[in-house]
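To start, the structure itself, in structure tokens.
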Amino acid sequence: MKTLYLDAFSGISGDMFIGALLDLGVNFEQFQTELAKLHVGDYRLRHERLAKNSIYGTNFDVEMNDEKDHGFIEPHDHHHHDVRHLSDICSLIDSSDLSAKIKKQSISVFTEIAKAEAAVHQMTLADVHFHEVGALDSIVDIVGCFIALDLLGVDDVGASALTDGSGFIRVAHGQMPVPVPAVMQMRIGTAIPIKQRTDIQTELITPTGMGLVKEIVSHFGTIPEDGVLLKTGYGFGKRDTGSFNALRALLFETKKSRQTVNTDHDEVLLIEANLDDQSGESLGFAMDQLIDAGAFDVFFTPIYMKKNRPACKLSVLCAPEERDTFVNLLLKHTSTIGVRYQVMQRSIMQRQFKKVETKFGTIRVKVARRDGVVKQTAEYDDCACAARTHGVSLAAVEQEVRRQLSDSLNQN
Ligand SMILES: O=C([S-])c1cc(C(=O)S)c[n+]([C@@H]2O[C@H](COP(=O)(O)O)[C@@H](O)[C@H]2O)c1
Ligand code: NI
């Protein structure tokens, strides 16, 4: 499974995000072909690989045939020409030939940003409007991010704390404090970590960047310790920050913890050892090593052994063909000088995973089937991350997943 990690030490914007994904190896021609499914013209994509601070990365920009007009809305300025409301943008995306998943994710980000703008400028959601040209830039940025993620085959996205600058930036309506109001608004009710650099007096996190993070990032923390790092990519920011202004994207191959099972019968190997002379600390360490090596399960059972010794039985379940790997790990990490093992028959339910889009982001659901019995279980890790990110209870996320599942059942 592919996990993307966003190292946002210099914030995040739509352009930086796409730049970093192109730098990871997204095929540009394929990217353009997919974007053409939006059926909007009047823009050109510019991408260039160059070095900043001697580090090579990608500069990505959407060039408008009309002059680019930044910012989502012009509050209090209703006399001007071509504007697009949220509903226009949703219809444009909905009527495109993009996949249902990309449509849904893109509309969700636009709605999130529009809600933030509506709250900051005290407008109704229906009144929020976007400059035609600025809106097109944002549509390409937002839809483009989801296309690039899809082309890379990313299953899961994590991120560092997002760094922003401080001070004020100048936009059409005057000065805005950094983090800009729409970014702060989108943080409400979430635990998305934002670190401020007081030595950088400009904006590093744009509303588009924050909207994308809110939609796709399922967990925040340091760079993953596990998994094979496949590639690194840098997407450059446009502002002069006085520091290295880029978003670093790291693509990992991580273990398939959520495997598809297409059989209703299989065999597992049970390996056991009785241990009466090992500390709790080193038993815990041994368990971690066995789990990290891909054991299906590892567990301890309290037992009484000879000479009245309270002890524990260590049991490991693994694939039969991995016997040598796990026997060696047990001998290496525990005090035993021998292990027992037996192959066991299992009756199992066939398992598949599906992704459910919820207001708390994408949650994986395990669907198990056998002889007309169907069990659907939301992945605990995804629900826990979403609950932390959005500052809600685990039960609220699980309830939302159940609601989405029953809605889709009713629609089919
Ligand atoms: O034009 C408006 S109303 C505007 C509002 C806000 C708020 O935070 S409210 C922010 N901005 C700035 O516009 C640019 C473009 O942002 P993108 O997300 O489209 O890249 C950025 O500097 C925003 O902070 C404009
Ligand atoms: Ni605004």
Side-chain angles (χ1 to χ4, degrees), residues 8 10-20 43 45-46 59-64 66-86 89 106 108-146 162-188 192 194 196 200-216 235-241 245-247:
S10 188
I12 183 165
S13 67
D15 287 350
M16 288 163 88
F17 201 158
I18 295 184
Y43 70 86
L45 304 181
R46 207 167 59 79
N59 228 350
F60 172 82
D61 207 2
V62 184
E63 285 181 347
M64 296 300 155
D66 278 323
E67 201 188 316
K68 198 180 222 169
D69 202 345
H70 271 293
F72 272 96
I73 64 161
E74 277 201 344
H76 322 301
D77 176 8
H78 295 278
H79 60 269
H80 58 68
H81 39 280
D82 303 316
V83 293
R84 279 188 169 133
H85 290 87
L86 179 63
I89 293 169
S106 307
S108 166
V109 173
F110 258 103
T111 310
E112 187 66 39
I113 296 169
K115 275 186 189 165
E117 292 286 347
V120 170
H121 304 296
Q122 267 208 47
M123 306 169 82
T124 65
L125 200 55
D127 278 342
V128 173
H129 52 278
F130 303 76
H131 285 287
E132 175 145 19
V133 181
L136 186 54
D137 181 19
S138 305
I139 293 168
V140 173
D141 273 352
I142 291 167
V143 171
C145 276
F146 292 114
L162 314 178
T163 297
D164 207 345
S166 42
F168 292 84
I169 57 158
R170 180 158 285 284
V171 295
H173 327 294
Q175 283 194 330
M176 275 188 182
V178 176
V180 292
V183 166
M184 282 323 261
Q185 186 66 32
M186 279 188 258
R187 195 186 181 193
I188 290 178
I192 297 176
I194 296 184
Q196 223 180 351
I200 295 182
Q201 297 288 304
T202 189
E203 169 190 49
L204 301 178
I205 308 172
T206 65
T208 302
M210 184 69 170
L212 287 163
V213 165
K214 207 167 165 180
E215 173 68 17
I216 61 162
F236 293 128
K238 307 286 177 301
R239 288 182 188 273
D240 182 6
T241 64
N245 185 11
L247 171 70

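The structure displayed is predicted, hence computed values, not measured ones. Whatever order the structure lists them in is the order used to number ligands and atoms, beginning at 1.
Look at M186 and you'll find every heavy atom at least 4.0 Å from all atoms of ligand 1. Ligand 1 has no atom lying under 4.0 Å from any heavy atom of G14.
Checking each of I169, T206, V171 against V180 for a side-chain contact (heavy atoms from CB on, under 4.5 Å) leaves exactly one that passes, namely I169.
In this structure, L247 CG and I18 CD1 are separated by 11.5 Å, a value rounded to the nearest 0.5 Å. How far CG of L204 is from CD1 of I12: 11.5 Å, rounded to the nearest 0.5 Å.
Residue I169 touches ligand 1 through its side chain alone, judged by heavy-atom distances below 4.0 Å.
For ligand 1, the atoms lying closer than 4.0 Å to a non-hydrogen atom of R239 are 22 (O). Close approach of ligand 1 to V180 (heavy-atom distance below 4.0 Å) involves ligand atoms 8 (O), 24 (O). Proximity to T206 (heavy-atom distance under 4.0 Å) selects the following atoms of ligand 1: 18 (O), 20 (O). Counting atoms of ligand 1 from 1 in the listed order, those under 4.0 Å from a heavy atom of E117 are 3 (S), 5 (C), 6 (C), 7 (C), 9 (S). Counting atoms of ligand 1 from 1 in the listed order, those under 4.0 Å from a heavy atom of A182 are 7 (C), 8 (O), 9 (S). Near E203, the atoms of ligand 1 lying under 4.0 angstrom from a non-hydrogen atom of the residue are 21 (C), 22 (O), 23 (C), 24 (O).
Here's the thing with H121: none of its N/O atoms is less than 3.5 angstrom from an N/O atom of ligand 1.
Closest to the Ni ion (ligand 2) among the N, O or S atoms of H121 is NE2. The Ni ion (ligand 2) sits nearest to atom OE1 when only the N, O or S atoms of E117 are considered.
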